[in-house]
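So the structure is just underneath, and the comments pick up after that.
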Amino acid sequence: MPADPDFLSHLNPSQRRSVEHFCGPLLVVAGAGSGKTRALTFRIANLVLTHRVAPENILAVTFTNKAAKEMKERIERLFAERLALEDGGKALDLLSPYEQTKLRSRVYKTITKHLWIGTFHSLCARILRLDIEKFKDGQGRQWQRNFSIFDESDVQGLMKDIIVKQLNLDDRKFQPRSVRFAISNAKNQGLGPEDYEASQPNYRGRVIANVYNLYQDALAANNALDFDDLIRILVDLLRQNDAILDYWHRQFHHLLVDEYQDTNRTQYELIQMLATNGVHPQQFQGWNYRSVFVVGDADQSIYSFRAADFTILMDFQKDFGDGLPDDDTRTMVKLEDNYRSTETILQTANELIENNTERIDKILKPTRGAGEPITCFRADDELHEAEFVVEQIRNLEMQHPEITWGDFAILYRTNAQSRAFEDMLVRWNIPYTVVGGLKFYDRREIKDVLSYLRLVMNPADSVSLQRIINVPRRGIGKTTLDRLSSAAQELGVPLWEIIRDDTSVKTLAGRSAKSILNFAQMIQHWHTAHETQAGAEIIQGILEQSGYVDSLKAQGTEEADDRLRNVQELYNASIQFAEENGDPSLTAFLASTALASDLDNLEESSTVSLMTLHSAKGLEFPIVFLVGLEQGLFPNFRSLDDAAALEEERRLCYVGITRAQDQLFISHARERRLYGSREPAMPSLFLSELPKEQLEARSPLAIPKRPPNMAAPSPPVSPHPNTHAQDWGVGDRLLHKGFGLGEVTHVFGAGNKICLAVKFAGVGQKILDPKVTRLDRVD
DNA sequence: TTTATAGCGTTTTTT
DNA sequence: ACGCTATAAA
């Protein structure tokens, strides 16, 4: 059956080439707003419709769960529209709601349900639930299919335990965070504990390797995996077991990866192995019925701190491609026509990103008119900045009836910046949503309940067990718990094995024996029930039986009421999940909560959106406020002495600018509160890189008086005529009144708008403006 | 075993 | 400035 002739007619030639590509590798270099999601969804539909590919043979990897959900919905709609025309000759929208639902559910059952669409993490978790019991790592560690997925705080807790208690190390010298970071990095490069150990000659490295080993022991003992292992373990399994690799290779004929610039080494390994069954891509012969289709934009690579490596994208042509020059190649397509933003916004973005050296040559070509100029505002401090932003929002909303609160987004570098804006929005009664920050699933009460559930599913999960064994209070204290844990450790069994055993508990626990046995009995009951009973029922049962809800009710405080509502919300979420995914099991729900993010719940609603630039990736808004453009904040001070990191900050700025459809506001403050004290702030380097002719400076005077309870504006800073911006260069030595002797490591900006990064002995790096701060040259 | 308090580190970004 | 953790007292 031929495809609907109309099906592809709305695509531009490049999009069409991407969508119609059938077999072999293809890299789609897709600029911001160039319709890549469209290309991805149409391609999947086209594979099924035109090429008769079975949905279960398609694997599509998205960057977030939200993107996965959206993709499924779009595909579903595409098919439903088609079926409506084919069957009844009527457009989907003209059918009755009942007919529409019926059609959609038919599409779901025959097509979308069978597609493998998700993030690397969720897809790998799904495969591991089937195959992990066939895996054994280099040191014989094994996992069972009911494994827990540990979140960042679980992991940090384990790390700390190993460093402080097991190894007796100083946790200031070996900060759990930084050790965790090193291990995570190793994992994302595909290094196991042995490989890592071999690569570390110095003391610190050997210690970390030791921690890595003990950490893996702890994970295995808890029958748990961290985020990184979801991918790494699967890759290892596929490497060591040809039969399993062959099975999944034959399962997935068509691989699609979105946001390919943000994949890391292990993820690349996985895709490569699945695509070519472990054969080197250039030697692989089986392309005649399969494909690898990756979509990305190196200019939007912003996750290197998570070990993402955009050279993977840049090397695609070398690994999989035909090696022909850009004009003749059949393995790369560029999507450069931008349908999102005004010409003004695009020119600004293009000009900024030109300052980067590491990129694939690509520009965003406008398809819309010039639009409004970009407004740049200099505020006195962060309160003033918030005042300006909210003022603009109010004015625009008042003056344009078609604009709603949902059309606005405030984007910032760090989560901590949200507060000033929240305060101001509350003051004016404007509805808003903060994405990120404290996640729903990170709240204490939610983590408590999830720990109960994890324990029910996986009793070996001692981390969860220890979290909730005395929550609510059961009179089981630290000493009792310590005694039980060390018994477990000596016997080499999970803590649970001690707790469920009557005689052990009676001999070890004394006074609290009875409540421990009661607790154990309750968990045992639900553990036995969890395979057959629906997740929601188990949640309800546990909430009642454990006394968790009762104890919250007994508190009667406002905070406890809040917690109660959140717990109720979790119960609702489990029901909703069961309906949406057609799977009421506890296992499935728990897996989804472990990998959920705040973004997933960001519904189309009419509220102003507040989020970090990282969270904003992939989104678009008619009106965007890009705030806090200050040296040290954005670009962040950690990136100032690292060229590659600075380029990543610039890409982040590029991402921010390209989120805007119609109007963009940029702002910075001259002074900012940091840890309670006020710090002067310099304009960001990036401001000096934006085209002047597109920017319209907005004077602070345009802003009406601030409410009386706000801080007064600070007096202007008087410039020092004795130091000239042009005089400074990298390597210059100078004397500062407060910091002493220093050396210039960077010069930001040009001409009169210059500021310096200066390294001072003892004090470290500082960012200074020679026009503001007196700096005396030393020869 | 539970509760109060003092001190400390925190802020880059997240699946 | 604030929230969390370690430590001491009830």
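In what follows, chains are A, B, ... by sequence order, proteins preceding strands, each numbered from 1.
Side-chain contact of A:Asn264 with A:Asp309: a donor-acceptor pair under 3.5 Å is absent, judged by distance alone. The closest side-chain donor-acceptor pair between A:Thr612 and A:Ser615 falls under 3.5 angstrom. Donor-acceptor pairing under 3.5 Å is recorded for the side chains of A:Gln417 and A:Thr414. A side-chain donor from one of A:Glu445 and A:Asn566 sits under 3.5 Å from a side-chain acceptor of the other.
Residue A:Phe227 has its side chain nearest to B:dT15 when only B:dT15, B:dT12, B:dT13 are considered.
Taking the six-membered ring wherever Trp is involved, the centroid distance between the rings of A:Phe150 and A:Phe227 does not fall below 6.0 Å.
With centres under 5.5 Å and a plane angle under 30° as the test, the ring of A:Tyr303 is not stacked against the base of B:dT14.
Side-chain N or O atoms of A:Thr658 include one that pairs as donor or acceptor with a backbone N or O of A:Tyr654 at under 3.5 Å. The backbone N or O of A:Phe147 sits nowhere less than 3.5 Å from a side-chain atom of A:Arg454 that would complete a donor-acceptor pair. Listed for the A:Asp583 side chain is no donor-acceptor partner under 3.5 Å among the backbone atoms of A:Ala588.
For A:Leu652 and B:dT14, the CG to P distance is 10 Å, given to the nearest whole Å. Rounded to an integer number of Å, the gap from A:Asn415 CG to B:dT14 C1' is 10 Å. Between A:Leu128 atom CG and B:dT15 atom P there is a gap of 20 Å when expressed in whole angstrom units. Distance CG (A:Asn188) to P (B:dT15): 14 Å, rounded to an integer number of Å. The distance from atom CZ of A:Phe63 to atom P of B:dT13 is 15 Å, rounded to the nearest whole Å. Spacing between atom CZ of A:Phe305 and atom C1' of B:dT11 amounts to 13 Å, rounded to whole angstrom units. Protein atom CG of A:Leu610 is 15 Å distant from nucleotide atom P of B:dT13, rounded to whole Å. Across the protein-nucleic acid pair, A:Tyr412 atom OH and B:dT13 atom P stand 10 Å apart, rounded to whole Å.
Of the charged side-chain nitrogens involved, none lies within less than 4.0 Å of a carboxylate oxygen, so that A:Arg673 and A:Glu679 do not count as a salt-bridged pair.
Between A:Ser615 and B:dT14, a side-chain N or O to OP1/OP2 separation shorter than 4.0 Å is present. Considering only side-chain N and O atoms, A:Arg306 lies nowhere under 4.0 angstrom from the phosphate OP1 or OP2 of B:dT14. Taking 4.0 angstrom as the limit, A:Thr612 places none of its side-chain polar atoms (N or O) nearer than this to OP1 or OP2 of B:dT12.
Among the atoms of the strands shown, none is found under 4.0 Å from any heavy atom of A:Asp228.
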Show each protein N/O and nucleotides 1-8 of chain B N/O combination with a separation under 3.5 Å, one pair to a line.
residue : atom : partner  : partner atom : Å
B:dT1   : OP1  : A:Gly477 : N            : 2.8
B:dT1   : OP1  : A:Thr480 : OG1          : 2.8
B:dT1   : OP2  : A:Thr479 : OG1          : 2.5
B:dT2   : OP2  : A:Asn470 : ND2          : 3.2
B:dT3   : OP2  : A:Arg473 : NH1          : 2.5

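To the nearest whole angstrom, the two P atoms, one in C:dA6 and one in B:dT11, are 16 Å apart.
Each of A:Phe120 and A:Arg177 was matched to the nucleotide of DNA chain B holding its nearest heavy atom; the match closer to the 5' end belongs to A:Arg177.
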For nucleotides 3-10 of chain C, read 5' to 3', which letter fits each nucleotide if B means a protein heavy atom sits under 4.0 Å from the base, S means only the sugar-phosphate is that close, and - means neither?
--SS----

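In the displayed structure, A:Arg129 atom CZ is contacted under 6.0 Å by more than 12 heavy atoms of other residues, nucleotides or ligands.
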